[in-house]
Amino acid sequence: MNISSVAQTPPDYLSVLNPEQKEAVIHAGSPLLILAGAGSGKTRVITTKIAYLIGKLGYDPRSILAVTFTKKAANEMAERARRLEPRAQYTQIRTFHSFGAWFLRLFAEEAGIDPHFTVYDEDDMVTLLTRAKPGLLRKDAAEAVHYISRVKDYCLAADADDFSPLDVPERFQELYLLYDKKLRETGNVDFGDLIMLPVRLLSTNTQIRSMMFERFKVIMIDEYQDSNVAQFHLLQQLAGPETYICVVGDDDQSIYSFRGAEVENILTFQDHFAGTQIIRLERNYRSVEPILNTAGQVISCNTERLGKTLRAQREGGAKPVLAFLPNQEDEAAYCAELITRSHEKGCPYADWAVLYRTNAQSLSFETEFLHRKIPYTVVGSLKFYEREEIKDLLAFLKFLVNQKDDVAFLRIINKPARGIGSTTQEKITAHFTALEQNTQFSGGVHQGYLEACRTLLSVLPKRARTGVSEFVAIIDDLLALLPAGDNGAENVLAEVLAHDAEYPRLQSNESQECLSVFIQKIAERSGLLEYYKAADEIAQTQRIANIEELVKSADLYPLSLSGLLEFLDHIELDRILESETDSEKDAVTFITLHNTKGLEFPRVIITGLEAGIFPRADKHDRSLEEERRLFYVGITRARDELYLTSCNTRRLYGRTEFLYPSLFLYDIPLTAIRIIGNAPKSFLAGTRSQSGNHSVSQPHPLAGRWVKGSRIYHDEYGYGWIIKGECVENEYVITIQFENGSSKKFMPAYQSNSLTLIMEE
DNA sequence: TCACAGTGACTTTTT
DNA sequence: GTCACTGTGA
């Protein structure tokens with residue numbers, strides 16, 4: 001690692017960079033914070049930097065650790081880095097969590113977990129906690145699990161004295177302790193552990209810590225604005241005195257604080273890493289000028305920013321369009337119309353993206369587009385790995401790896417139904433617990449639930465016995481098909497210090513049988529294939545197709561225990577994104593604003609810009625700023641054309657609600673956009689809805705009927721009286737004070753079914 | 001073990 | 001309005 005041998009002649013890849021990008025690439029020595037605005041060529045800088053470190057500064061590729069948040073981003077980064085510098089294939093380019101998993105497998109023993117651990121998702125966590133505390137309602141377990149996840153984002157273990165950054169419910173710690181005890185019994189980990197356990201291990205074990213210092217000389221983190229406190233601690237632990245640290249992020253694009261992301265990490269980076277140099281990338285190559293200006297207007301309304309002004313590199317382009325529509329059907333029709341017209345002029349459907357705040361909003365678009373036969377794909381509503389059939393199959397895989405996996409066992413013991421009801425299941429669990437306690441005293445090892453099943457066979461009633469012995473036979477058969485292989489952690493020192501060997505993930509599987517055959521066998525032998533085949537026919541679902549997809553995705557992994565573990569890591573940690581067939585198809589993209597991060601489209605429509613929908617009604621101060629950043633992220637996805645839509649009314653929970661324009665629309669100067677449709681006069685006058693200051697103009701035809709002081713009855717809210725009647729943009733709006741204390745606004749014209757005027761006798 | 005009805009919730013969600 | 005969960009009864 002000779003840092004002093006700087007390049008004499010810059011290679012090609014440097015010549016395509018602008019001065020700031022180049023500065024960021026060749027910077028060395030002190031910690032570096034790159035503030036990279038949307039569309040400023042951030043990925044290019046990171047990948048070029050990796051290539052430069054290896055090719056020009058002579059760093060060993062294996063001594064570089066590059067961390068991202070999504071598998072997709074990691075893949076893209078790895079691929080692009082490799083194109084610039086082939087040796088970058090040996091660089092550790094991973095997601096935070098897959099790095100944690102790699103680390104924990106190496107040091108499983110020291111961390112007190114099974115080296116064959118699998119990762120529990122939130123759903124599994126809830127099941128586990130429900131098992132740990134019988135009688136706990138699933139709803140309450142889910143709440144506790146939510147807090148457990150959050151608390152782990154702050155690196156607070158169950159025995160912590162205080163969970164003060166968070167407002168945890170009463171008796172939370174009791175549940176947390178119980179949960180963690182149960183989790184450790186299974187030998188598995190949850191997502192939070194993948195970061196928290198490495199942090200704890202590194203901070204207490206100096207030997208391991210120096211091994212990491214020895215291994216990683218460079219640490220780079222992408223999307224740093226979305227890192228949480230635990231991840232910050234991990235960075236601190238991994239950063240030795242000699243380590244070169246470079247983080248890249250954009251505080252204006254921090255949109256995951258509800259998941260524990262801590263903007264403070266990027267805002268205070270320079271305070272924690274002495275001598276930090278900051279480089280700003282402010283040239284935007286993506287959007288045309290009017291779109292970028294709009295984005296700038298919006299984000300400048302936030303106060304908590306490091307501050308950064310993007311400059312458009314693309315001139316020309318049209319002003320964004322803001323369309324006011326009567327309701328969500330018209331909104332969907334408007335989008336469909338726009339897209340159809342552009343398609344007729346030769347624009348591919350795939351150029352378009354329809355963005356919305358919540359998944360539920362996709363429904364009206366789906367209905368409309370289906371009707372008009374416009375092809376579309378919905379991104380990320382029902383996640384592949386969350387599907388029942390996939391979870392079932394994965395539970396089988398997990399159980400084969402680890403027979404103490406409580407959650408997996410529970411899922412598969414009686415699915416498809418083998419006549420093993422709750423009574424039998426409880427007997428097995430009780431016996432398992434007894435085994436667990438016995439071995440704790442004797443220091444022995446047991447085979448978990450499988451052994452518990454086997455020993456109980458003789459004492460079970462006939463029907464249960466048949467079922468359980470069938471289950472045991474299935475597991476035995478499948479285990480016999482799985483060659484043990486090595487678990488990849490046998491020689492930790494070699495793995496950590498190896499500088500030439502390729503990581504097993506990239507192993508070629510030509511000589512070996514592949515894992516997909518095995519998963520196919522599981523689907524058959526378990527009876528799940530047959531079970532879902534029948535279900536598909538009854539319910540017209542696609543479950544078998546999903547199972548096939550899972551089988552296919554295991555193609556690249558060898559048939560061995562380590563291959564299976566790797567596959568599970570891949571599934572759990574780096575979720576399968578949309579299938580290839582989807583991305584090849586020419587179709588409009590329907591997507592939530594959150595999911596658009598890192599993407600771009602030539603034409604973008606941001607829909608549902610109404611107060612209470614976006615931003616959501618409960619957002620204030622800091623979280624309002626986060627919502628605004630979300631709007632900013634949405635706007636900056638657009639390359640050539642941007643459309644914004646806002647509805648006057650929307651059906652919510654089966655009720656038609658009257659809605660005001662989104663607060664964020666007031667951030668944009670009227671001259672910067674082209675307004676079409678029936679814009680509320682209060683909006684044009686700049687009167688914000690929140691203040692409720694609507695000037696009453698001429699009397700409305702309905703005003704004589706719904707007069708102030710009248711008694712009313714509402715289906716949902718009960719009795720009340722009208723405290724205000726006003727005319728807003730040709731619509732008559734009344735404010736009702738209900739007897740339950742709440743007050744609400746209604747438009748009588750749209751609510752005649754739920755609202756009744758009580759005539760006095 | 002299954003089927004049905006009543007109840008409640010109903011953001012966003014990289015891993 | 002819709003879905004998913006929970007508990008009861010056959």
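Residue numbers begin at 1 in each chain, while the letters A, B, ... track the order of the sequences.
Take Q231(A) and apply the side-chain hydrogen bond (donor to acceptor under 3.5 Å, both in side chains) test, not counting sequence neighbours, and it matches no residue. Applying the side-chain hydrogen bond (donor to acceptor under 3.5 Å, both in side chains) test to R543(A) and every residue at least two apart in sequence or in another chain returns E389(A). Residues meeting the side-chain hydrogen bond (donor to acceptor under 3.5 Å, both in side chains) test with R628(A), sequence neighbours left out: N302(A), D667(A). Residues forming a side-chain contact (heavy atoms from CB on, under 4.5 Å) with A142(A) (at least two apart in sequence, or on another chain): V126(A). With sequence neighbours excluded, the residues forming a side-chain contact (heavy atoms from CB on, under 4.5 Å) with N327(A) are E329(A), D330(A), T649(A), listed by chain and number.
dA4(C) and dT11(B) have their P atoms separated by 15 Å, with the value rounded to a whole Å. Rounded to whole Å, the P atom of dT12(B) lies 15 Å from the corresponding atom of dC3(C).
Put simply, the side chain of D405(A) gets close to the backbone of A408(A): a donor and an acceptor are under 3.5 Å apart.
Rounding to whole angstrom units, CG of residue D226(A) and P of dT14(B) are separated by 12 Å. The nearest whole Å value for the distance from the NZ atom in K597(A) to the C1' atom in dT13(B) is 11 Å. The interatomic distance linking D153(A) (CG) with dT14(B) (C1') rounds to 12 Å, in whole Å. Atom CD in Q361(A) sits about 19 Å away from atom P in dG1(C), given to the nearest Å. Atom CZ in R150(A) sits about 13 Å away from atom P in dT13(B), given to the nearest Å. Going from atom CD1 of I413(A) over to atom P of dT1(B) covers 11 Å, rounded to whole Å. The distance between atom CG of D121(A) and atom C1' of dT14(B), rounded to the nearest whole Å, is 14 Å. Rounded to an integer number of Å, the gap from CG of L624(A) to C1' of dT12(B) is 15 Å.
Residue F258(A) and nucleotide dT13(B) are not classified as a stacked aromatic pair, given the requirement of ring centres less than 5.5 Å apart at an interplanar angle below 30°.
Close to dT12(B), at under 4.0 Å from its OP1 or OP2, lies no side-chain N or O of N595(A).
Residue contacts for I420(A): at a heavy-atom cut-off of 4.0 Å it reaches the sugar-phosphate backbone alone, with no base atom in range. Nucleic acid contact class of N414(A) (heavy atoms, under 4.0 Å, all strands): sugar-phosphate only.
Residue-to-nucleotide proximity on DNA chain B shows that, of F96(A) and L630(A), the 5′-proximal contact is made by L630(A).
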Look for any protein N or O under 3.5 Å of an N or O in nucleotides 6-11 of chain B and output each such pair with its distance, or none.
residue	atom	partner	partner atom	Å
dT11(B)	OP2	R616(A)	NH1	3.3
dT11(B)	OP2	R616(A)	NH2	3.4
dT11(B)	O2	R357(A)	NH2	3.1
dT11(B)	O2	R616(A)	NE	3.4

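Salt bridge absent: E600(A) and R637(A) never bring a charged side-chain N and a carboxylate O closer than 4.0 Å. Here E388(A) pairs with K415(A) in a salt bridge; the nearest charged N to carboxylate O distance falls below 4.0 Å.
The side chain of T592(A) lies closest to dT13(B) when the candidates are dG7(C), dT13(B), dT14(B). Of the listed nucleotides (dT12(B), dT14(B), dT6(C)), dT12(B) has the atom at the smallest distance from the side chain of H594(A). Which of dG7(C), dT14(B), dT13(B) sits closest to the side chain of F69(A) comes down to dT14(B).
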